[in-house]
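Here the structure comes first, spelled out in structure tokens, and everything after it is commentary.
Bear in mind that the values here come from a model prediction, so they are computed numbers and not experimental data. In the text below, chain A, chain B and the rest are named by the order of the sequence lines, each starting its count at 1.
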Number of protein chains: 2
Amino acid sequence: MLETSIKEGLQSTGRRMTRTRKAVLALLERTHQPLSASEIFAQLQEEQVAIDLVTVYRTVNVLKELGLVVQLDLYQEGQSRYELKEGRTHHHHIRCQICGRIVDLLLCPLKKLTKLIEKRTQFVVGDHTLEFTGFCPKCQ
Amino acid sequence: MLETSIKEGLQSTGRRMTRTRKAVLALLERTHQPLSASEIFAQLQEEQVAIDLVTVYRTVNVLKELGLVVQLDLYQEGQSRYELKEGRTHHHHIRCQICGRIVDLLLCPLKKLTKLIEKRTQFVVGDHTLEFTGFCPKCQ
DNA sequence: ATTTTATTGCAAGTCTCTTGCAAAAACAAA
DNA sequence: TTTGTTTTTGCAAGAGACTTGCAATAAAAT
């Protein structure tokens, strides 16, 4: 079960499974969109889960450190979003400029490009962002 | 001459060529790195040009609206950077995680990818970011 | 030179995210 | 199951990037 293995991951780094961490994890599990800290906060408030926005920030950071959650910085959003990794591979996103819906792009076409860049620039390439915006079918 | 044509661009939108706009433009012209607002502010201060940080923000926004400057949001920097367009085509960047140096990647490999994404997601793709980080030759 | 209108600087405000600290909650040990 | 230790939480406050309101100033038009 997910929660048990996560608890072990937390405890192996001297951390504890708490009411708030459970709530954030459960929300991310059932929401199939990357959520921002303030969205997590608002949604949990609505569900009568008592949690502070500060705790949301601390929680997503812990989950990120444990490798359970990925932090996304989408194009010109001015805030980060978080999504559960859950065994999924590295991928990118497109966000609708009108309704804000975010769709996964289940591919990363940058392996060849990375090699080309390393050759041309002599950099050792580490990480990258690639995020798209556009208009979704409903909003066109 | 650059300044004259920029002045015309400004005036055709009811704007004026001012001391501070000249200073920001001149700095961007002679600096071959994308600069953040606070870097522009600090550099001009050093050159004894009296300018407020607020004015820097307003200036880069005007230059962006006129299409003279491109705003960059590099990977996990938490601030925007600005570079002169100067007839250059759309391109991407790689930033050294150690020294912060930014190198242009004189290519955009995403035309084919854009078409694929439109086909798969039914989105109309608008804009995108693609930014890399890594270690430059000197910092490896 | 004078008038009009855009621009500037300052102060204050917004937004996202972080930090300090005492109180509360989780876990461990008895 | 109570006690003790250590982490986590909530609250208040702070940091950093960026924006807005407004009176004073500067650019352009007349």
Side-chain angles (χ1 to χ4, degrees), chain A residues 3-4 6-25 27 34-45 48-66 68-82 100, chain B residues 3-4 6-25 27 34-45 48-66 68-82 100:
Chain A
E3 196 185 303
T4 312
I6 289 175
K7 188 168 178 177
E8 282 164 15
L10 284 166
Q11 297 196 343
S12 70
T13 54
R15 287 185 242 254
R16 295 168 183 184
M17 177 56 97
T18 63
R19 189 181 56 77
T20 52
R21 287 180 182 163
K22 275 181 199 162
V24 172
L25 275 163
L27 175 58
L35 297 177
S36 67
S38 57
E39 285 172 348
I40 293 170
F41 175 67
Q43 182 58 38
L44 291 180
Q45 284 235 308
Q48 318 288 340
V49 177
I51 190 170
D52 195 275
L53 180 58
V54 174
T55 303
V56 174
Y57 278 107
R58 289 196 269 230
T59 301
V60 291
N61 283 328
V62 166
L63 298 178
K64 197 176 68 172
E65 278 172 41
L66 290 176
L68 297 169
V69 151
V70 182
Q71 177 178 347
L72 309 176
D73 296 294
L74 301 189
Y75 187 53
Q76 292 191 332
E77 265 219 322
Q79 62 180 1
S80 293
R81 293 182 172 274
Y82 303 88
Chain B
E3 197 185 302
T4 311
I6 289 174
K7 189 168 179 179
E8 283 164 16
L10 285 165
Q11 297 198 340
S12 70
T13 55
R15 294 189 171 98
R16 296 168 183 184
M17 177 55 99
T18 63
R19 188 181 58 76
T20 52
R21 288 180 180 163
K22 276 182 199 161
V24 172
L25 275 164
L27 175 59
L35 297 177
S36 67
S38 57
E39 286 173 348
I40 293 170
F41 176 67
Q43 181 59 38
L44 290 180
Q45 285 234 308
Q48 319 286 339
V49 177
I51 190 170
D52 193 276
L53 180 58
V54 174
T55 303
V56 173
Y57 278 107
R58 289 196 269 232
T59 300
V60 291
N61 282 328
V62 166
L63 298 177
K64 197 175 66 170
E65 278 173 39
L66 290 176
L68 297 168
V69 151
V70 182
Q71 178 179 345
L72 309 176
D73 296 294
L74 301 189
Y75 188 51
Q76 291 190 331
E77 266 219 321
Q79 62 179 0
S80 295
R81 293 183 172 273
Y82 304 89

Indicate whether OP1 or OP2 belonging to [N] is found under 4.0 Å from a side-chain N or O atom of [X].
X	N	result
Thr55(B)	dG9(C)	yes
Asn61(B)	dT19(D)	yes
Thr18(B)	dT8(C)	yes
Gln79(A)	dC17(C)	no
Arg19(B)	dG9(C)	yes
Tyr57(B)	dT19(D)	no

Whole angstrom value for the distance that separates [atom2] of [N] from [atom1] of [X]:
X	N	atom1	atom2	value
Asp52(B)	dA17(D)	CG	P	15 Å
Leu53(A)	dG14(D)	CG	P	18 Å
Phe41(B)	dA17(D)	CZ	P	12 Å
Arg81(B)	dG16(D)	CZ	P	16 Å
Glu39(A)	dC17(C)	CD	P	11 Å
Leu44(B)	dG9(C)	CG	P	11 Å
Ile51(A)	dG10(D)	CD1	P	6 Å
Glu65(B)	dT7(C)	CD	P	10 Å

Inset, instruction - Look at all strands and tell whether Ser80(B) reaches a base, only sugar-phosphate, or nothing, counting heavy atoms closer than 4.0 Å. - result: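 Sugar-phosphate contact only.
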
Inset, instruction - Look at all strands and tell whether Arg58(B) reaches a base, only sugar-phosphate, or nothing, counting heavy atoms closer than 4.0 Å. - result: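 The answer is base, as Arg58(B) lies within the cut-off (heavy atoms under 4.0 Å) of a base atom.
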
Legend entry - Polar side-chain contact Arg16(B)-dT5(C) base: donor and acceptor under 3.5 Å: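 When only heavy-atom distances are counted, Arg16(B) does reach the base of dT5(C) through a donor-acceptor pair under 3.5 Å.
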
Legend entry - Test item: Arg21(B) side-chain N/O and Arg16(B) main-chain N/O as donor-acceptor pair under 3.5 Å: yes

Inset, instruction - Could you please spell out the steps behind the side-chain contact (heavy atoms from CB on, under 4.5 Å) verdict for Val24(A) and Ile51(A)? - result: CA-CA 10 Å; Val24(A) 172; Ile51(A) 190 170; 4.0 Å; yes

Legend entry - Arg15(A) CZ to Leu63(A) CG distance, which is reported to the nearest 0.5 Å: 9.0 Å

Inset, instruction - Please tell me which of Glu77(B) and Thr20(A) maps to the more 5' nucleotide of DNA chain D, matching each residue to the nucleotide holding its nearest heavy atom. - result: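 That would be Thr20(A).
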
Legend entry - Along DNA chain D (nearest heavy atom to each residue), the more 5'-positioned of Arg15(B) and Leu10(A):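 In this pair, the answer is Leu10(A).
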
Inset, instruction - Please report the shortest heavy-atom distance between Ser80(B) and Gln71(B), naming the atom on each side. - result: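 Heavy atoms of Ser80(B) and Gln71(B) come nearest at OG-NE2, 2.8 Å.
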
Inset, instruction - Check Ala23(B) against Leu44(B) and note the closest heavy-atom contact, atom names and distance. - result: O-CD2, 4.0 Å

